[in-house]
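Since the model is a prediction, treat every value here as computed from it, not as a measurement.
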Amino acid sequence: MQEKRKLKDYLTDRPKPKGIDIHCGLKHFAIITYAVPTERFQGILPERFQLDTVDINGKKMGLISVVPFIDVDFTSAVFPFPKFTMGQTNYRIYIIDSKTGERCVWFLGTVLDSWTLTVPKYLWNLPWHSGKISFDCTFNEATGLYDKYHMETQSSWAEASVDLVQSESDLFDFPGFPDTESALVYLTHPLAGFYYRRDKKPGTYRVWHKQLDVKPAKLLSAKFKLLSDLGIVHESEQQAPYSVLIEPINEFTIYLPPTVVG
């Protein structure tokens, strides 16, 4: 059983942006999470990191999320700069940094629909890949819920599609956590991300955001080719996620440049 956590213990003041730090809005922000046996993550993480496991029906499981959204007003957090809009999808595993004890995420990689991909991919060696990402969403202003949420990605690295829907009868349900707040801290509030750079060195960067106001949703269908190709979440299992969360829009600050670990 995961321990009880209070969000107030994890909320921090926004570190003052400087240099090339980025501010952006994340629109149609969804977190589609799967719980799978821990052995499927074998060989993925460096020794410094361990899976942040959840006990479900007496079995330790690792959690992995697919996180699609549209970057809107993507711009410098410090200087006047043009604003960009682009689709993005992150693939992340929930981990613990044994060196610091911090709960964070391990990125398998990211798909970005923008020519600006050249900066993170080639200048910083991030595991980011090109793709064409489209969203077809109907947000009901009266209910504050999505009547329709469709995302599709054309990508040689991580082809994907997902259909979600929300209703007022949807409820939070997080097996393995003592309460909803503890689960939401786990799923929505990791601020440090780690990954293997394209040169195989481990790298990291940090983000900041306020409390995310996510609501539960239902998955109608999903196909995440990367997860099935890696054998982490089989295609049939992708139709039964651990949880689905959506927030129409939020704001993130991204602290750059990324650094090499060690």
Side-chain angles (χ1 to χ4, degrees), residues 22-34 64-75 82-92 105 107-121 126-168 170 184 187-188 193 207 209-210 212-229 233 235 238-254:
I22 293 292
H23 177 79
C24 61
L26 276 52
K27 186 177 181 181
H28 302 324
F29 180 86
I31 305 175
I32 302 114
T33 302
Y34 295 95
I64 182 169
S65 292
V66 181
V67 186
F69 52 88
I70 301 175
D71 288 300
V72 293
D73 294 336
F74 185 93
T75 189
K83 295 181 178 181
F84 298 96
T85 297
M86 63 198 94
Q88 184 170 332
T89 302
N90 296 335
Y91 294 81
R92 67 191 203 184
V105 290
F107 287 103
L108 291 173
T110 289
V111 178
L112 189 70
D113 186 358
S114 173
W115 63 269
T116 60
L117 171 72
T118 55
V119 174
K121 183 172 183 177
L126 293 184
W128 286 25
H129 306 264
S130 63
K132 182 67 177 174
I133 302 175
S134 60
F135 284 81
D136 181 6
C137 300
T138 304
F139 181 70
N140 189 322
E141 296 285 351
T143 63
L145 302 172
Y146 280 85
D147 294 330
K148 178 182 181 180
Y149 183 112
H150 174 77
M151 184 280 296
E152 192 157 343
T153 299
Q154 299 174 18
S155 165
S156 59
W157 181 71
E159 180 182 323
S161 65
V162 64
D163 287 278
L164 311 174
V165 69
Q166 288 180 299
S167 72
E168 294 185 6
D170 292 336
L184 291 178
L187 291 167
T188 70
V207 302
H209 57 78
K210 294 183 288 187
L212 299 186
D213 186 20
V214 294
K215 294 181 180 178
K218 287 188 175 69
L219 185 142
L220 300 178
S221 66
K223 186 175 183 180
F224 300 120
K225 189 172 183 293
L226 178 69
L227 300 187
S228 52
D229 284 350
V233 188
E235 194 169 329
Q238 293 176 21
Q239 311 315 309
Y242 172 80
S243 72
V244 180
L245 306 171
I246 306 180
E247 183 174 19
I249 193 163
N250 52 50
E251 294 184 358
F252 273 59
T253 302
I254 306 166

Visitor: Supply the atom-to-atom distance Trp128 CH2 to Asn90 CG, rounded to the nearest 0.5 angstrom.
Guide: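 The CH2 atom of Trp128 sits 7.0 Å away from the CG atom of Asn90.
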Visitor: So, taking the atom named CG in Asp113 and the one named CZ in Phe135, what distance separates them when rounded to the nearest 0.5 Å?
Guide: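 Asp113 atom CG to Phe135 atom CZ measures 9.5 Å (nearest 0.5 Å).
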Visitor: Could you list the residues that satisfy ring pair (Phe, Tyr, Trp, His ring centres under 6.0 Å) with Tyr34, not counting sequence neighbours?
Guide: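 For Tyr34 there are no ring pair (Phe, Tyr, Trp, His ring centres under 6.0 Å) partners, ignoring immediate neighbours.
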Visitor: Applying the ring pair (Phe, Tyr, Trp, His ring centres under 6.0 Å) criterion to His129, which one of Tyr91, Trp157, Phe107 satisfies it?
Guide: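 Checked Tyr91, Trp157, Phe107 against His129; only one passes ring pair (Phe, Tyr, Trp, His ring centres under 6.0 Å): Trp157.
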Visitor: With a 4.5 Å cut-off on side-chain heavy atoms, are Val214 and Leu184 touching?
Guide: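 Of all side-chain heavy-atom pairs linking Val214 with Leu184, at least one is under 4.5 Å.
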Visitor: Lys27: what forms a side-chain hydrogen bond (donor to acceptor under 3.5 Å, both in side chains) with it, not counting sequence neighbours?
Guide: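 Counting only residues at least two positions away or on another chain, Lys27 forms no side-chain hydrogen bond (donor to acceptor under 3.5 Å, both in side chains).
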Visitor: For the rings on Trp115 and Phe84, is their centre-to-centre separation under 6.0 Å?
Guide: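 For Trp115 and Phe84, the ring centres are under 6.0 Å apart.
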Visitor: Show your reasoning for whether side-chain contact (heavy atoms from CB on, under 4.5 Å) applies to Glu168 and Thr143.
Guide: CA-CA 8 Å; Glu168 294 185 6; Thr143 63; 3.8 Å; yes
Visitor: Between Gln238 and Ser228, does a side-chain contact (heavy atoms from CB on, under 4.5 Å) hold up when you go through it step by step?
Guide: CA-CA 9 Å; Gln238 293 176 21; Ser228 52; 3.7 Å; yes
Visitor: Step through the shown structure and confirm whether more than 12 heavy atoms of other residues, nucleotides or ligands are within 6.0 Å of CD on Gln154.
Guide: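 No, not enclosed.
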Visitor: Do you know which two heavy atoms are closest between Lys223 and Glu235, and how far apart they sit?
Guide: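 Between these two residues, the closest heavy atoms are CE-OE2, 3.8 Å.
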Visitor: Compare all side-chain heavy atoms of Phe224 with those of Val233 and state whether any distance is below 4.5 angstrom.
Guide: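 When only atoms from C-beta onward are counted, Val233 and Phe224 do not touch, as no gap falls below 4.5 Å.
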Visitor: Would you say that Asp213 contacts Asn250 through its side chain, given a criterion of any heavy-atom pair below 4.5 Å between the two side chains?
Guide: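 A side-chain contact under 4.5 Å is absent here.
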Visitor: Take a 6.0 Å sphere around NZ of Lys225 and say whether it holds more than 12 heavy atoms from other residues, nucleotides or ligands.
Guide: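 Counting neighbours around NZ of Lys225, 12 or fewer heavy atoms of other residues, nucleotides or ligands fall under 6.0 Å, so no.
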Visitor: Can you name the nearest heavy-atom pair linking Cys24 to Ile254, along with the distance?
Guide: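 Heavy-atom minimum between the residues: SG-CD1, 4.1 Å.
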Visitor: Can you measure from NZ (Lys83) to CG (Asp73) and round to the nearest 0.5 angstrom?
Guide: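 Separation between the atoms: 4.5 Å.
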Visitor: Do Ile133 and Val111 touch side chain to side chain, with heavy atoms closer than 4.5 Å?
Guide: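 The answer is yes; the side chains approach within 4.5 Å.
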Visitor: Measuring from atom OG1 of Thr89 to atom CG of Leu112, what distance do you get when rounded to the nearest 0.5 angstrom?
Guide: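 It is 9.5 Å, given to the nearest 0.5 Å.
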Visitor: If you look at every heavy atom in Ala30 and Leu164, which pair is closest and at what distance?
Guide: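 In this case the closest contact between Ala30 and Leu164 is CB-CD1, 4.1 Å.
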Visitor: With a 4.5 Å limit on heavy-atom distance, are the side chains of Pro241 and Ile32 in contact?
Guide: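 Side chain of Pro241 against side chain of Ile32, heavy atoms only: contact under 4.5 Å found.
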Visitor: Please report the interatomic distance CG(Leu212) to OG1(Thr188), rounded to the nearest 0.5 Å.
Guide: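 The distance works out to 5.0 Å.
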Visitor: Quick one: side-chain hydrogen bond (donor to acceptor under 3.5 Å, both in side chains) partners of Gln166, sequence neighbours excluded?
Guide: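 With sequence neighbours excluded, Gln166 shows a side-chain hydrogen bond (donor to acceptor under 3.5 Å, both in side chains) to no residue whatsoever.
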Visitor: Is there a side-chain contact between Leu145 and Lys215 in this structure, where contact means two heavy atoms from C-beta onward sitting under 4.5 Å apart?
Guide: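 Sidechains of Lys215 and Leu145: in contact.
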Visitor: Looking only at heavy atoms, which two atoms of Ser130 and Ser155 are closest? And how far apart?
Guide: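 Heavy atoms of Ser130 and Ser155 come nearest at O-OG, 3.3 Å.
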Visitor: Is there a side-chain contact between Leu26 and Ile249, using heavy atoms and a 4.5 Å cut-off?
Guide: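 No, too far: nothing below the 4.5 Å cut-off.
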Visitor: Do the side chains of Thr153 and Lys132 get nearer than 4.5 Å, heavy atoms only?
Guide: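 When only atoms from C-beta onward are counted, Thr153 and Lys132 do not touch, as no gap falls below 4.5 Å.
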Visitor: State the CD-OG1 distance between Gln88 and Thr110, to the nearest 0.5 angstrom.
Guide: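 Output value for this atom pair is 5.5 Å.
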Visitor: Should Val162 and Val66 be marked as a side-chain contact (heavy atoms from CB on, under 4.5 Å) after you check the CA-CA gap, both sets of side-chain angles, and the distance that decides it?
Guide: CA-CA 10 Å; Val162 64; Val66 181; over 6 Å; no
Visitor: List for me each residue that meets side-chain contact (heavy atoms from CB on, under 4.5 Å) alongside Lys218, sequence neighbours excluded, and say none if there are none.
Guide: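 If we apply the side-chain contact (heavy atoms from CB on, under 4.5 Å) test to Lys218, skipping adjacent residues, the hits are Val165, Ser167, Ser169, Asp170.
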Visitor: For the pair Ile64 and Leu227, evaluate side-chain contact (heavy atoms from CB on, under 4.5 Å) and give the outcome as yes or no after the intermediate values.
Guide: CA-CA 9 Å; Ile64 182 169; Leu227 300 187; 3.7 Å; yes
Visitor: Going by the rule ring pair (Phe, Tyr, Trp, His ring centres under 6.0 Å), which residues pair with Tyr146 if we only count those two or more places apart in sequence or in a different chain?
Guide: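 Applying ring pair (Phe, Tyr, Trp, His ring centres under 6.0 Å) to Tyr146 gives His28, Phe139, Tyr149.
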Visitor: For Asp163, give me all partners under side-chain hydrogen bond (donor to acceptor under 3.5 Å, both in side chains), at least two apart in sequence or on another chain.
Guide: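 Once residues adjacent in sequence are excluded, the partners of Asp163 under the side-chain hydrogen bond (donor to acceptor under 3.5 Å, both in side chains) criterion are His150, Ser221.
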